[in-house]
Amino acid sequence: MRDQKSIKRTITRFDQGEFSQLEDDIVTEFPLTIYINEEEFATMVCTPAHLEEMVIGFLASEGVIRFRREIKDFQIDEE
């Protein structure tokens with residue numbers, strides 16, 4: 001899985017009427033597609049952290065599942 005949660009980038013900051021350039025951490029995101037019974041259900045953009053918890057929470061909030069025990073198989077494919 002993609003472990004890089006942030007990358008360094010040069011940014012322009014405006015503070016107290018002054019602009020400055022500095023390096024800062026920018027959060028990385030990538031598309032994640034959820035399949036249910038081999039059918040595409042949803043695609044969302046997310047950070048590469050706590051994916052299993054995010055997917056299960058999303059399925060519960062959408063009313064697809066009520067309990068974690070309803071999930072028979074769970075796989076994360078990095079491709």
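Remember, predicted model here, so these are calculated numbers, not experimental data. For the single chain, residues carry numbers from 1 onward in sequence order.
- Looking only at side-chain heavy atoms (C-beta outward), Thr28 and Thr47 stay at 4.5 Å or farther from each other.
- Contact annotation: the side chain of Asp24 never approaches that of Lys8 to less than 4.5 Å [non-hydrogen atoms, C-beta and beyond].
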### Task
Kindly determine whether Ile26 and Ser6 satisfy side-chain contact (heavy atoms from CB on, under 4.5 Å), including the steps that lead there.
CA-CA 5 Å; Ile26 306 296; Ser6 66; 6.0 Å; no

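- A chain of hydrophobic side-chain contacts below 4.5 Å, direct or via other Ile, Leu, Val, Met, Phe, Trp or Tyr residues, connects Phe41 to Phe74.
- When atom types are taken as modelled, the side chain of Glu70 and the backbone of Phe67 share a donor-acceptor pair closer than 3.5 angstrom.
- Taken together through direct or relayed side-chain contacts under 4.5 Å among Ile, Leu, Val, Met, Phe, Trp and Tyr, Leu59 and Ile76 form part of one hydrophobic cluster.
- Residues Glu18 and Phe14 are not in side-chain contact: their nearest non-hydrogen atoms beyond the backbone lie 4.5 Å or more apart.
- Linking Ile, Leu, Val, Met, Phe, Trp and Tyr whenever their side-chain heavy atoms come within less than 4.5 Å puts Val55 and Phe30 in one cluster.
- For the residue pair Ile56 and Arg68, the shortest heavy atom distance occurs at CD1-NE, 3.6 Å.
- By the 4.5 Å heavy-atom criterion applied to side chains, Pro31 and Met44 are not counted as neighbours.
- The closest side-chain heavy-atom distance from Leu32 to Met54 is below 4.5 Å.
- Atom CD of Glu39 has 12 or fewer neighbouring heavy atoms from other residues, nucleotides or ligands inside a 6.0 Å radius.
- In this structure, the side chains of Val27 and Ile7 stay at 4.5 Å or more apart for every pair of heavy atoms.
- A 4.5 Å side-chain heavy-atom check between Thr43 and Ile34 finds every atom pair outside the cut-off.
- Gln21 and Thr12 form a side-chain donor-acceptor contact under 3.5 Å, judged by distance and modelled atom types alone.
- You'll find the side chain of Cys46 reaches within 4.5 Å of the side chain of Leu51, heavy atoms only.
- A donor-acceptor pair shorter than 3.5 Å cannot be found between the side chains of Gln75 and Asp77.
- Shown here is Glu40, whose CD atom has more than 12 heavy atoms of other residues, nucleotides or ligands within 6.0 Å.
- Distance check, rounded to the nearest 0.5 Å: CD of Gln16 to CZ of Arg13 gives 12.0 Å.
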